[in-house]
Amino acid sequence: MSARSAKPVAVRGNLASSLPRRLRGPSMARYDRLPAPLRGWLARAALPWSPNSALRIWTRLHRETGGDTHAVLRRLDLAEQRMLARDTATVWGAGYPCASGPEARS
């Protein structure tokens, strides 16, 4: 078996994530309509969240936390850290060091 016949992990550009990739029209217009704290969070996010999925999670967490924006942002951080930890083994291998907890956002 030659090196050329091995099938690499599918990587789209520089993104390797288990997040589903869907194109649904002009995403910048949807991004612009998001709440300001969510737009700020997305601007610093490590993963390529779509405006639709981010808003869906934001709305659910906003309802669950009684509108506490800081609590919502902390829970978004935790959700992203869980996704990164799950993807780490797939992308870089099981032995790759993984952060044990969410990084503090500045």
Side-chain angles (χ1 to χ4, degrees):
M1 178 185 246
S2 71
R4 296 183 136 241
S5 64
K7 292 192 175 206
V9 174
V11 177
R12 297 174 298 269
N14 64 348
L15 303 176
S17 170
S18 62
L19 287 173
R21 186 171 185 207
R22 296 180 208 118
L23 300 176
R24 295 184 179 161
S27 62
M28 282 309 292
R30 288 192 314 272
Y31 178 85
D32 290 341
R33 290 190 299 266
L34 294 174
L38 179 56
R39 285 195 316 268
W41 185 86
L42 286 171
R44 296 181 303 274
L47 295 173
W49 295 84
S50 75
N52 287 347
S53 64
L55 182 59
R56 186 173 45 251
I57 294 169
W58 172 270
T59 302
R60 179 178 53 85
L61 293 176
H62 200 261
R63 187 175 50 248
E64 288 175 8
T65 62
D68 182 352
T69 301
H70 294 292
V72 172
L73 294 173
R74 283 191 305 271
R75 290 186 56 188
L76 283 169
D77 285 339
L78 289 172
E80 185 171 58
Q81 286 300 316
R82 282 192 302 269
M83 293 182 89
L84 286 169
R86 182 185 66 210
D87 289 346
T88 296
T90 303
V91 175
W92 293 289
Y96 192 82
C98 181
S100 60
E103 302 279 330
R105 291 199 183 261
S106 53

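Counting begins at 1 with the first residue of the sequence.
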**Student:** Do L76 and L38 come close enough that some side-chain heavy atom pair is under 4.5 Å?
**Tutor:** yes

**Student:** How long is the straight-line distance from CD1 of I57 back to CD of E64, given to the nearest 0.5 Å?
**Tutor:** 11.0 Å

**Student:** Are the side chain of E80 and the backbone N or O of A46 linked by a donor-acceptor pair below 3.5 Å?
**Tutor:** yes

**Student:** Would you find a donor on one side and an acceptor on the other, under 3.5 Å apart, between the side chain of R44 and the backbone of G40?
**Tutor:**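 Yes; at least one donor-acceptor contact below 3.5 Å.
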
**Student:** Return the CG to CG distance between L47 and D87, rounded to the nearest 0.5 Å.
**Tutor:**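 Here the interatomic distance stands at 6.5 Å.
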
**Student:** Looking at every non-hydrogen atom in both residues, tell me the closest pair between P35 and L55 and how far apart they are.
**Tutor:** CD-CD1, 4.1 Å

**Student:** Does the side chain of L42 come within less than 4.5 Å of W58's, by heavy atoms?
**Tutor:**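 A side-chain contact is absent here, since even the closest heavy-atom pair is not under 4.5 Å.
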
**Student:** Where is the tightest heavy-atom contact between D32 and R39, given as atom of each residue plus distance?
**Tutor:** O-NH1, 3.5 Å

**Student:** Less than 4.5 Å apart, side chain to side chain, heavy atoms only: is that true for R63 and T59?
**Tutor:**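 A side-chain contact under 4.5 Å exists here.
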
**Student:** Calculate, to the nearest 0.5 Å, the distance between atoms CG and CG belonging to L73 and D68 respectively.
**Tutor:** 9.0 Å

**Student:** Of the non-hydrogen atoms in T65 and A71, which two are nearest, and what is the gap between them?
**Tutor:** CG2-CB, 3.9 Å

**Student:** Would the W41 and W49 ring centres measure less than 6.0 Å apart?
**Tutor:** yes

**Student:** Identify the two heavy atoms, one from P37 and one from T69, that lie closest to each other, and give their separation to 0.1 Å.
**Tutor:**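 Answer, listing the atom of P37 first, then T69: CB-CG2, 3.8 Å.
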
**Student:** Any donor-acceptor pair under 3.5 Å linking the side chain of R30 with the backbone of P51?
**Tutor:**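 The answer is no, because no donor-acceptor pair under 3.5 Å joins these two groups.
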
